[in-house]
Amino acid sequence: MSVKMFLAVLVLMVGCTLGAYASETTATDYSVAEHWLNLPGKVDKAVDVFYLYPTAWARVGANDPYVCAIDNPVMLMQAKLAFVRQAIAFEPVGDIYAPYYRQIDSAYRAALPVAEQEKLVGGIPVTDGVAAFDYYIKHYNNGRPFILAGHSQGSNVLIYLLSGYLKDHPDVYSRMIAAYVIGYSVTGEYLARNPHLKFANGANDTGVIVSYNTEAPKIIGSNPVVLPGALVINPITWTRGEQLATAEQNLGSIILNTKGEVAVWGVKNFADAQIDLARGVLICSTVDVDEWSPGNKVFGKVVFHTFDYPFYYYNIRKNAADRTSNYFLKKPQR
């Protein structure tokens with residue numbers, strides 16, 4: 001199936017209900033350099049990273065659209081901040097390709113039933129995400145292995161990319177080292193519907209999905225990115241059991257300021273990690289809740305959503321390197 005046909009079918013399937021945006025199903029033009037958050041100035045690594053940032057804007061007025069334009073200035077600015085606190089973790093391993101993509105307002109989305117949320121994300125955001133990845137594969141990748149990385153709404157888009165585009169392009173999927181689908185839920189039901197995909201079981205397996213959502217031991221309010229049956233891997237030990245990984249085992253965190261910028265790099269003994277299988281989340285018990293998770297109109301208090309990457313930043317960096325090394329051991333470079 002061609003990409004254009006795939007996108008057309010996808011739009012028909014999801015029945016996107018976005019008012020004035022309902023007819024805007026044409027993908028963003030990714031031949032335009034300004035539609036990319038990051039393109040490598042020099043391609044000098046054997047691996048690529050394709051990154052999709054989290055929700056990076058919010059509606060200001062009641063009459064604002066529920067989908068932002070591709071050149072929304074707030075999204076452009078906030079996407080750059082997310083890139084530094086998330087995507088740069090992969091920089092030692094691969095050259096990073098990161099498109100801008102049109103997004104759903106998270107507060108509007110969170111108020112809807114899950115099925116309606118998926119219809120919205122499966123419309124314009126996925127149309128852009130798939131088009132950007134297809135353009136990257138055809139014009140930039142040149143057959144190199146790659147890592148997928150995302151967070152929150154970006155990870156939600158990656159879920160569609162994994163189940164659709166990569167299923168239809170097994171030659172491309174065979175070059176995927178891992179997909180870091182962090183800050184959104186990958187469920188057992190999703191994997192059952194997509195048997196070509198598999199969840200990570202350890203620190204070195206390749207062609208797998210890595211996912212978790214971080215909370216404090218007791219949650220007050222809601223966490224809209226956690227779905228029933230969510231699977232979790234511990235980003236300190238890379239195991240899936242409920243054993244505690246102490247903050248001393250953590251390779252290092254980064255601290256953000258109130259603007260979302262990285263204020264301190266390489267903080268030690270800060271965040272622990274323990275899987276709660278019943279809740280389908282990753283528990284962090286060593287971080288002060290009042291300081292780091294006061295809650296907002298989308299996420300309840302003690303949801304450490306913004307810090308899914310920062311708390312375990314250097315663990316993710318090392319893990320990407322470990323999975324990449326193992327990929328080349330199993331599939332020697334030509």
Side-chain angles (χ1 to χ4, degrees), residues 1-18 21-22 24-28 30 49-56 66-68 70 97-106 109-110 112-138 146-170 172-173 176 178-199 207-211 213 224-227 229-231:
M1 181 184 294
S2 69
V3 172
K4 287 184 179 179
M5 185 179 296
F6 170 77
L7 291 174
V9 171
L10 179 65
V11 169
L12 289 173
M13 288 174 61
V14 298
C16 187
T17 55
L18 290 173
Y21 279 84
E24 290 195 21
T25 54
T26 301
T28 294
Y30 288 102
V49 178
F50 183 85
Y51 166 76
L52 293 177
Y53 51 88
T55 305
Y66 301 123
V67 179
C68 70
I70 196 66
Y97 295 82
Y100 289 114
Y101 68 101
R102 292 169 292 172
Q103 300 185 305
I104 308 293
D105 173 75
S106 59
R109 173 191 171 180
L112 299 173
V114 172
E116 290 301 312
Q117 293 183 34
E118 291 302 321
K119 286 182 181 180
L120 295 180
V121 174
I124 290 174
V126 169
T127 296
D128 276 3
V130 171
F133 185 75
D134 182 64
Y135 191 88
Y136 151 74
I137 288 293
K138 291 178 177 176
F146 60 89
I147 291 170
L148 297 178
H151 187 246
S152 197
Q153 190 167 163
S155 286
N156 200 172
V157 174
L158 287 182
I159 283 173
Y160 284 87
L161 185 69
L162 286 159
S163 63
Y165 188 98
L166 292 183
K167 179 181 179 181
D168 293 339
H169 298 80
V172 176
Y173 179 45
M176 189 187 84
Y180 290 81
V181 184
I182 297 171
Y184 198 75
S185 292
V186 175
T187 67
E189 180 186 5
Y190 169 79
L191 293 180
R193 287 187 280 110
N194 296 282
H196 65 290
L197 302 174
K198 54 185 178 179
F199 199 83
V208 297
I209 299 173
V210 169
S211 184
N213 291 281
V225 296
V226 175
L227 303 178
L231 304 176

Item to check | Candidate pair Phe199 and Leu197, rule side chain to side chain contact (heavy atoms under 4.5 Å, CB included), full reasoning | outcome: CA-CA 7 Å; Phe199 199 83; Leu197 302 174; over 6 Å; no
Checklist entry - Nearest 0.5 Å, what's the CZ-OH distance between Phe50 and Tyr136? => result 8.0 Å
Next on the checklist: Does Thr28 form a side chain to side chain contact (heavy atoms under 4.5 Å, CB included) with Tyr100? I'd like the steps, not just the answer.
Outcome noted: CA-CA 9 Å; Thr28 294; Tyr100 289 114; over 6 Å; no
Checklist entry - If you measure from CG on Leu158 to CD1 on Ile209, what distance do you get to the nearest 0.5 Å? => result 9.5 Å
Checklist outcome for this item: Heavy-atom nearest pair, Gln103 first then Thr55, reads NE2-CA, 3.4 Å
Checklist entry - Out of curiosity, Ser155 OG to Leu161 CG, how far, rounded to the nearest 0.5 Å? => result 11.5 Å
Next on the checklist: Tyr190: which residues meet the ring-ring contact (aromatic ring centres under 6.0 Å, His included) condition with it, sequence neighbours left out?
Outcome noted: none
Item to check | Nearest-0.5 Å distance that lies between atom CD1 in Ile137 and atom CG in Leu166 | outcome: 8.0 Å
Item to check | Parallel, tilted or perpendicular, as decided by the 30° and 60° cut-offs, for the rings of Tyr173 and His196 | outcome: perpendicular
Checklist entry - Is any side-chain heavy atom of Leu227 closer than 4.5 Å to a side-chain heavy atom of Tyr184? => result yes
Checklist entry - Is there a donor-acceptor pair closer than 3.5 Å between any side-chain N or O of Thr127 and the backbone N or O of Ala27? => result no
Next on the checklist: If I compare all heavy atoms of Leu148 with all of Met176, which pair ends up nearest, and what's the gap?
Outcome noted: CD1-SD, 3.8 Å
Checklist entry - Could you walk me through whether Tyr165 and Asp134 pass the side chain to side chain contact (heavy atoms under 4.5 Å, CB included) check? => result CA-CA 8 Å; Tyr165 188 98; Asp134 182 64; 2.8 Å; yes
Checklist entry - Do Asp128 and Pro99 have side-chain heavy atoms sitting under 4.5 Å apart? => result no
Item to check | Chi angles and distances behind the side chain to side chain contact (heavy atoms under 4.5 Å, CB included) call for Leu162, Val181 | outcome: CA-CA 10 Å; Leu162 286 159; Val181 184; 3.9 Å; yes
Checklist entry - Between Gln153 (side chain) and Leu52 (backbone), is there a donor-acceptor pair under 3.5 Å? => result no
Item to check | Set of residues satisfying side-chain hydrogen bond (donor to acceptor under 3.5 Å, both in side chains) with respect to Ser185, sequence neighbours excluded | outcome: none
Checklist entry - Which pair of non-hydrogen atoms, one from Pro195 and one from Ala192, has the smallest distance, and what is that distance? => result CD-O, 3.8 Å
Checklist outcome for this item: ring-ring contact (aromatic ring centres under 6.0 Å, His included) filter on Phe146, not counting sequence neighbours, yields Phe133
Checklist entry - For the side chain of Tyr101 and the backbone of Gly154, is there at least one donor-acceptor N/O pair under 3.5 Å apart? => result yes
